[in-house]
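Okay, so here's the structure we're looking at.
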Amino acid sequence: MSAKHKKLLFFIGTIVILLVAYFAWKFLAAILAQGTIENYTRSTVPYGFVLMWFFPIVATSTLFLGLARAKK
């Protein structure tokens, strides 16, 4: 892997980590604001779409990246 690829991968990884941290913070803040976890649904929590779309896309992308980069 060249230095250019390492820089790009580091930059993208940093952005993804920041996005995940931001959405996790909003998610936990929304649950704590409700005062209870029993009323939790994706539709009542701000940024609930992240649980349904963003995390699975990131996980699948990471899996395929790992499979593509694996040495046989």
Side-chain angles (χ1 to χ4, degrees):
M1 185 182 312
S2 69
K4 183 178 178 181
H5 286 121
K6 287 182 182 179
K7 285 182 183 179
L8 182 63
L9 187 61
F10 179 76
F11 180 70
I12 291 172
T14 303
I15 289 175
V16 168
I17 288 171
L18 289 175
L19 282 173
V20 168
Y22 174 74
F23 285 126
W25 171 61
K26 290 301 242 177
F27 175 69
L28 290 174
I31 287 177
L32 292 174
Q34 288 178 356
T36 180
I37 207 162
E38 286 89 19
N39 296 331
Y40 162 72
T41 61
R42 281 194 304 261
S43 60
T44 60
V45 176
Y47 304 103
F49 69 92
V50 173
L51 297 173
M52 189 170 164
W53 295 106
F54 184 70
F55 289 145
I57 288 172
V58 169
T60 305
S61 301
T62 305
L63 172 68
F64 287 137
L65 179 65
L67 290 173
R69 306 280 307 161
K71 294 182 181 179
K72 302 282 178 181

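Remember, it's a predicted structure, so these values are computed and weren't measured experimentally.
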When rounded to the nearest 0.5 Å, the distance separating OH of Tyr22 from CG of Leu18 is 12.0 Å

With sequence neighbours left out, the residues meeting side-chain contact (heavy atoms from CB on, under 4.5 Å) with Thr60 are Phe64

- Message: Hydrophobic cluster membership, with links at side-chain heavy-atom distances under 4.5 Å among I/L/V/M/F/W/Y: are Val20 and Phe11 in one?
- Response: yes

**Asked** Is it the case that one hydrophobic cluster holds both Leu9 and Ile17, taking links as side-chain heavy atoms less than 4.5 Å apart, direct or via other members?
**Response** no

Sorted by chain and number, sequence neighbours left out, side-chain contact (heavy atoms from CB on, under 4.5 Å) with Ile12 holds for Leu8, Val16

Residues at least two apart in sequence or cross-chain that pass side-chain contact (heavy atoms from CB on, under 4.5 Å) with Ile57, listed by chain then number, are Ser61

